Amino acid sequence: MKKVFIKTFGCQMNIRDSEFMMGHLLESGFRAAKSIQNADIILFNSCSVRKHAEDRLFGNIADLRKLKAKKRDLVIGLIGCTAQSHKQKALENAPLIDFVCGPGNEADIPSLINAVLLGRCAIIATDKVDEKRPELFPKYRAEKFKAHVSIGEGCNNFCSYCIVPYVRGKERSRDAKDIIREARDLAERGFKEITLLGQNVNSYKGCSFAKLLEKINKIDGIERIRFMTSHPKDATPELFKAIRDLDKVCEHLHLPLQSGSDRILKLMNRRYTAKKYLKLAEIYKKLVPEGSITTDFIVGFPGETKRDFQDTLDLMKKIRFDSAFTFKYSPRPPARSARFKDSVKKEEKEDRLKALLELQSKISLERNKPAEGKILEVLVDGVNKKDAVMLTGRTRTNKVVVFEGDKRLVGKLVNVRIEYAAPYVLKGRKI
Ligand code: 5AD
Ligand code: SF4
């Protein structure tokens with residue numbers, strides 16, 4: 001039996017894809033390798049949304065030269081978004097690769113590996129980018145109490161900076177009955193938290209997204225439901241009311257803003273204005289007053305002036321996000337903005353990123369402070385890396401909590417009295 005190791009770079013979607021492929025391979029006669037050194041087959045699943053991940057990936061593959069020279073039968077595969085984006089070019093960049101498999105072709109992975117093992121010729125499988133994936137339901141899950149469930153694939157939005165519609169194809173939704181079947185199976189196996197994943201979860205087409213949440217909310221055993229990522233154009237009061245009314249749906253909304261300048265938002269093809277986003281955020285806060293709201297920003301988009309950037313800072317001050325992921329713009333051909341002049345200098349992008357992070361950190365602290373003295377429900381997810389007696393977990397609003405406790409509490413819901421709030425973490429005591 002051949003042993004497989006999957007190395008993943010990237011977002012939750014990629015992590016879930018790797019888990020799916022591992023499950024599918026385990027059910028097709030392969031075994032899991034404990035390390036890269038120990039593997040007969042090494043798969044790299046890489047994100048291509050930002051350039052940084054891709055650079056790391058090709059460095060990692062090149063590092064395998066010695067291992068491959070020693071183990072002549074070693075199979076190296078490139079899977080996921082980067083595979084789809086580079087296709088045969090990946091073989092020129094990294095001649096050690098035996099096969100390339102895009103996200104749409106991932107269900108074929110056992111037969112691709114077997115074909116390489118038999119023929120040892122390079123294979124490129126990237127033709128199913130727009131196809132619906134077969135429903136296979138492999139059992140394997142990397143964790144024991146929380147799980148990701150993909151509700152669909154692809155994206156039709158074509159934000160001008162984004163490579164996703166090209167590498168994950170057009171939007172396809174899984175049937176609600178298949179999603180429910182997967183969620184029920186997880187609940188029966190003792191999973192407590194489910195995160196619904198999609199490039200654009202709230203544009204789900206199987207039924208209304210709020211309805212899907214309602215159906216999953218009825219499944220016994222599931223205690224928490226999360227979802228990501230949402231696009232503002234599909235975020236409706238109906239969805240906010242579902243967050244408010246459905247007891248298992250956590251009070252957290254991740255709603256990427258990207259920029260606070262109308263001019264830049266238009267160039268980004270985001271289909272909303274700063275004012276419209278602000279209005280949405282206000283409706284959310286009104287309907288879910290105890291809820292959190294987080295976002296993504298890109299700094300240094302082509303043509304972003306100091307004025308445009310100031311608009312972003314001003315809007316941040318008005319909305320007051322709980323936290324934000326911040327990225328320096330990088331051109332990602334064939335995304336449309338790769339043809340715009342990347343006009344903001346590297347140092348300027350860095351300065352803007354720093355200013356944004358500083359402001360966000362101040363706001364995050366202000367947003368966290370009211371938690372001091374409160375008792376919050378925490379799902380314990382592991383031991384703090386720095387200290388084995390300290391546990392970490394998340395509140396329903398997705399804030400990280402650190403507290404002292406026994407590691408047998410991992411996977412359990414506990415109540416923690418918050419004693420101290422910092423910008424990125426809450427510290428407390430279990431009650
Ligand atoms: N450059 C920088 N950041 C990007 N993102 C997407 N494409 C790019 C790009 N070309 C960011 C967006 C998105 C997040 C997942 O990645 O903020 O919401
Ligand atoms: Fe990319 Fe925009 Fe689709 Fe998100 S909504 S995946 S940013 S194109």
Side-chain angles (χ1 to χ4, degrees), residues 9-17 46-55 80-82 84-85 103 129-130 150-173 195-205 209 227-235 253-261 264-272 277 280 293-304 309 312 315-316 321 323-344 346 348-350 352-353 356-357 360:
F9 301 85
C11 66
Q12 313 285 352
M13 203 79 165
N14 265 23
I15 295 170
R16 171 63 194 135
D17 280 354
S46 169
C47 172
S48 56
V49 165
R50 288 174 299 276
K51 188 153 185 307
H52 177 69
E54 271 189 15
D55 294 344
C81 297
T82 307
Q84 188 67 42
S85 133
V129 62
D130 287 323
S150 161
I151 66 164
E153 258 295 298
C155 182
N156 295 345
N157 287 334
F158 290 93
C159 301
S160 68
Y161 52 79
C162 187
I163 197 170
V164 166
Y166 304 92
V167 291
R168 287 201 173 254
K170 63 172 190 268
E171 192 184 315
R172 294 90 85 199
S173 297
T195 303
L196 303 177
L197 290 181
Q199 243 70 52
N200 199 350
V201 273
N202 53 339
S203 83
Y204 177 74
K205 301 289 187 297
F209 182 61
F227 58 91
M228 64 186 306
T229 290
S230 308
H231 190 291
K233 84 173 190 342
D234 304 299
L253 178 68
H254 185 67
L255 197 64
L257 168 58
Q258 314 296 5
S259 167
S261 151
I264 297 297
L265 286 170
K266 195 156 176 70
L267 287 170
M268 286 178 164
N269 192 30
R270 288 293 286 177
R271 303 159 211 237
Y272 54 82
Y277 187 104
L280 255 179
I293 178 166
T294 57
T295 199
D296 292 347
F297 285 112
I298 298 176
V299 297
F301 185 81
E304 185 189 69
F309 180 62
T312 299
L315 192 57
M316 278 170 82
F321 294 104
S323 69
F325 292 106
T326 51
F327 306 104
K328 275 184 283 181
Y329 171 76
S330 60
R332 306 304 291 131
R336 201 155 50 84
S337 71
R339 282 179 261 139
F340 305 169
K341 190 164 177 285
D342 190 5
S343 59
V344 183
K346 197 167 159 264
E348 183 64 30
K349 281 183 191 162
E350 267 150 26
R352 289 183 193 176
L353 194 71
L356 207 143
L357 282 170
Q360 184 54 51

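In this text the structure is predicted, and so the values were computed from the model without any measurement. Values below: all heavy atoms of this structure, side chains included; hydrogens, waters and symmetry mates excluded. When a ligand or atom number is given, it counts from 1 through the structure's own listing order.
Remark: ligand 2 atoms within the under-4.0 Å shell around heavy atoms of Pro165 are 8 (S). Close approach of ligand 2 to Arg270 is summarised as follows: ligand atoms under 4.0 Å from at least one heavy atom of the residue are 2 (Fe), 7 (S). Every atom of ligand 1 is numbered from 1 in the order shown, and the set under 4.0 Å from a heavy atom of Gln258 is 12 (C), 13 (C), 17 (O), 18 (O). Within ligand 2, the atoms closer than 4.0 Å to a non-hydrogen atom of Gln199 are 6 (S), numbered from 1 in the order shown.
Under a 3.5 Å cut-off, the side chain of Ser323 and the backbone N or O of Thr294 do not form any donor-acceptor pair. Proximity of a side-chain donor or acceptor of Asn157 to a complementary backbone N or O of Arg270 within less than 3.5 Å is not detected. Arg332 contributes a side-chain N or O that, together with a main-chain N or O of Ser48, makes up a donor-acceptor pair within less than 3.5 Å. A donor-acceptor pair under 3.5 Å is absent between the side-chain atoms of Tyr329 and the main chain of Tyr161, judged by distance alone.
When only non-hydrogen protein atoms are considered, atom 7 (S) of ligand 2 lies nearest to Tyr161 OH, 3.3 Å. In terms of protein heavy atoms, atom 5 (S) of ligand 2 is closest to Asn157 ND2, 3.3 Å. Of the protein's non-hydrogen atoms, Cys159 N, 3.4 Å is the one closest to atom 8 (S) of ligand 2.
Distance check for Cys155 against atom 3 (Fe) of ligand 2: an N/O/S atom falls below 2.8 Å.
Considering Lys328, Lys51, His52, Met268 only, the shortest heavy-atom separation from atom 2 (C) of ligand 1 involves Lys328.
Checked against a 3.5 angstrom limit, the closest N/O atoms of Arg332 and ligand 1 fall outside it.
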